[in-house]
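Bear in mind that the values here come from a model prediction, so they are computed numbers and not experimental data.
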Amino acid sequence: MSDLQGRRIVVTGGASGIGAASARILRDHGAEVAVLDRAVVSNGDGICVDITDSAAVERAVEAAAAKLGGIDGLVNCAGILKGGRVETMSPDNWRQVIDVNLNGTFFVTRAVIPHLREAGQGTIVTIASASGLLPSDSAAAAYGASKAGVDMFMKYLAKEVAPGIRVNSICPGLVETPMMARVTASLSPEEIAGGLRPYALKRAAAPQEIAEAVLWLTSDKSGYVTGISLPIDGGRTFH
């Protein structure tokens, strides 16, 4: 893996789960990292921000750029999951999922792009979802729709900002994160096993396994890769 020494990378949702694993692996390979998250980040590199507030996002990105001395890369990991069938899901819950997952990703990405252009090159890696490629058995239409939107947004963006900036999506399946733990807390062992039935590997991923792909797509090793949707889903979609 190429050295990321000198790279300056913003990671949203970096206080836990895939975001925390991504921030850690990028640092381990020499990058300087600024984390944007609503939660307090204990290691001192975090900037608290609600990514659904576009004005607050602009301020947070400027603070990150000042802290790092510029921005060379962005990793969009922030997201939420609210389940529910379409007939019973409240409009407020639908709006919140779309607002965080899709609009928030747009606000952060838009704010970061000028800094990537100023750096002369850049990478954007966004965590979409296998649920945006193929519906799951769960009642998660809002989540799947938001992540499908994120994935297509990245494809359009990859055409807009090329050749100076590379843009890619990662589409995980089930991952052992705090968000997943909240979802499965009320499920029986039989229901959890049923959720894994479509997975060829019959298990959820560890956050580190997704972070390894974030590292690759951020590094020069993927220098000829842009506009892809990379499923890391244990064989659920075979996309």
Quiz item: Can you check whether Val150's main-chain N or O pairs, donor with acceptor, with Thr105's side chain at less than 3.5 Å?
Solution: no

Quiz item: Taking C-beta and beyond as the side chain, do Val11 and Leu36 meet within less than 4.5 Å on heavy atoms?
Solution: no

Exercise. Keeping the roles fixed (side chain from Asp151, backbone from Ser229), state whether a donor-acceptor pair exists under 3.5 Å.
Key: no

Practice problem: Looking only at non-hydrogen atoms, find the nearest pair between Ala128 and Tyr143 and report the distance. | Solution: O-OH, 4.5 Å

Quiz prompt | Which atom of Val35 lies closest to which atom of Ala15, heavy atoms considered | solution = CG1-N, 4.1 Å

Self-check item: Side-chain donor-acceptor contact under 3.5 Å, Glu62 with His115
Solution: yes

Quiz prompt | Test item: Asn103 side-chain N/O and Thr52 main-chain N/O as donor-acceptor pair under 3.5 Å | solution = no

Quiz prompt | Arg7 (side chain) donor-acceptor with Asp72 (main chain) under 3.5 angstrom | solution = yes

Quiz item: Looking only at atom types and distance, does a side-chain atom of Arg38 sit under 3.5 Å from a main-chain N or O of Cys48, one as donor and one as acceptor?
Solution: no

Quiz item: Could you go step by step and tell me if Val61 and Ile71 meet the side chain to side chain contact (heavy atoms under 4.5 Å, CB included) rule?
Solution: CA-CA 9 Å; Val61 168; Ile71 300 173; 4.0 Å; yes

Quiz item: Got a donor-acceptor contact below 3.5 angstrom from the Arg236 side chain to the Leu134 backbone?
Solution: yes

Quiz prompt | Minimum heavy-atom distance Pro231-Leu133, with the two atoms named | solution = CG-CD1, 3.9 Å

Quiz prompt | Any donor-acceptor N/O pair, Tyr199 side chain to Leu174 backbone, under 3.5 Å | solution = yes

Quiz item: From Asn168 CG over to Thr218 OG1, what is the distance, rounded to the nearest 0.5 angstrom?
Solution: 9.0 Å

Self-check item: Pair Thr109-Asn76, side chain to side chain donor-acceptor pair (under 3.5 Å): steps then yes or no
Solution: CA-CA 8 Å; Thr109 302; Asn76 287 305; 3.1 Å; yes

Quiz item: Is there a donor in the side chain of Lys155 and an acceptor in the side chain of Ser169, or the other way round, less than 3.5 Å apart?
Solution: no

Self-check item: Gap between atom CD1 of Ile80 and atom CD1 of Ile51 - 0.5 Å precision
Solution: 9.0 Å

Quiz item: How close do Ser54 and Arg110 get, heavy atom to heavy atom, and via which atoms?
Solution: CB-NH2, 4.1 Å

Practice problem: Please indicate whether Gln208 has more than 12 foreign heavy atoms, meaning atoms of other residues, nucleotides or ligands, lying under 6.0 Å from its CD. | Solution: yes

Quiz item: Taking all atoms of both residues into account, what is the closest heavy-atom pair of Ser22 and Cys77, and its distance?
Solution: OG-SG, 4.2 Å

Self-check item: Rounded distance (nearest 0.5 Å) linking atom CD of Glu176 with atom CD1 of Ile18
Solution: 11.5 Å

Quiz item: Counting only heavy atoms not in Glu118, do more than 12 sit closer than 6.0 Å to its CD atom?
Solution: no

Quiz prompt | Ser222 side chain vs Leu217 backbone, donor-acceptor pair below 3.5 Å | solution = yes

Quiz prompt | Non-hydrogen side-chain atoms of Pro172 and Ile127 separated by less than 4.5 Å | solution = yes

Quiz item: Can you find a heavy atom in the side chain of Ile124 that is under 4.5 Å from one in the side chain of Val112?
Solution: no

Exercise. Mind checking the NZ-CD1 spacing from Lys147 to Ile98? Nearest 0.5 Å is all I need.
Key: 10.5 Å

Practice problem: Please report the shortest heavy-atom distance between Ala141 and Val86, naming the atom on each side. | Solution: CB-CG2, 3.8 Å

Quiz item: How long is the span from the CD1 atom in Ile165 to the CG atom in Leu116, to the nearest 0.5 Å?
Solution: 4.5 Å

Self-check item: Within-4.5 Å side-chain heavy-atom neighbours: Lys82 and Met89
Solution: yes

Quiz item: So, does Asp233 use its side chain to make a donor-acceptor pair with the main chain of Thr237 at under 3.5 Å?
Solution: yes

Exercise. Verify, without hydrogens or angle tests, whether Arg166 (side chain) and Tyr224 (backbone) share a donor-acceptor contact under 3.5 angstrom.
Key: no

Self-check item: From CA spacing to verdict: side chain to side chain contact (heavy atoms under 4.5 Å, CB included), Val97, Leu81
Solution: CA-CA 7 Å; Val97 173; Leu81 168 62; over 6 Å; no

Practice problem: Could you grab the distance from atom CZ of Phe106 to atom OG1 of Thr126, nearest 0.5 Å is fine? | Solution: 13.0 Å

Quiz item: Heavy-atom distance under 4.5 Å between the side chains of Asp37 and Thr12, does that happen here?
Solution: no

Quiz prompt | Salt-bridge present (Glu209, Arg203; N to O < 4.0 Å) | solution = yes

Quiz item: Do the non-hydrogen side-chain atoms of His29 and Leu215 ever get within less than 4.5 Å of each other?
Solution: yes

Quiz item: Are any non-hydrogen side-chain atoms of Arg117 and Val161 less than 4.5 angstrom apart?
Solution: yes

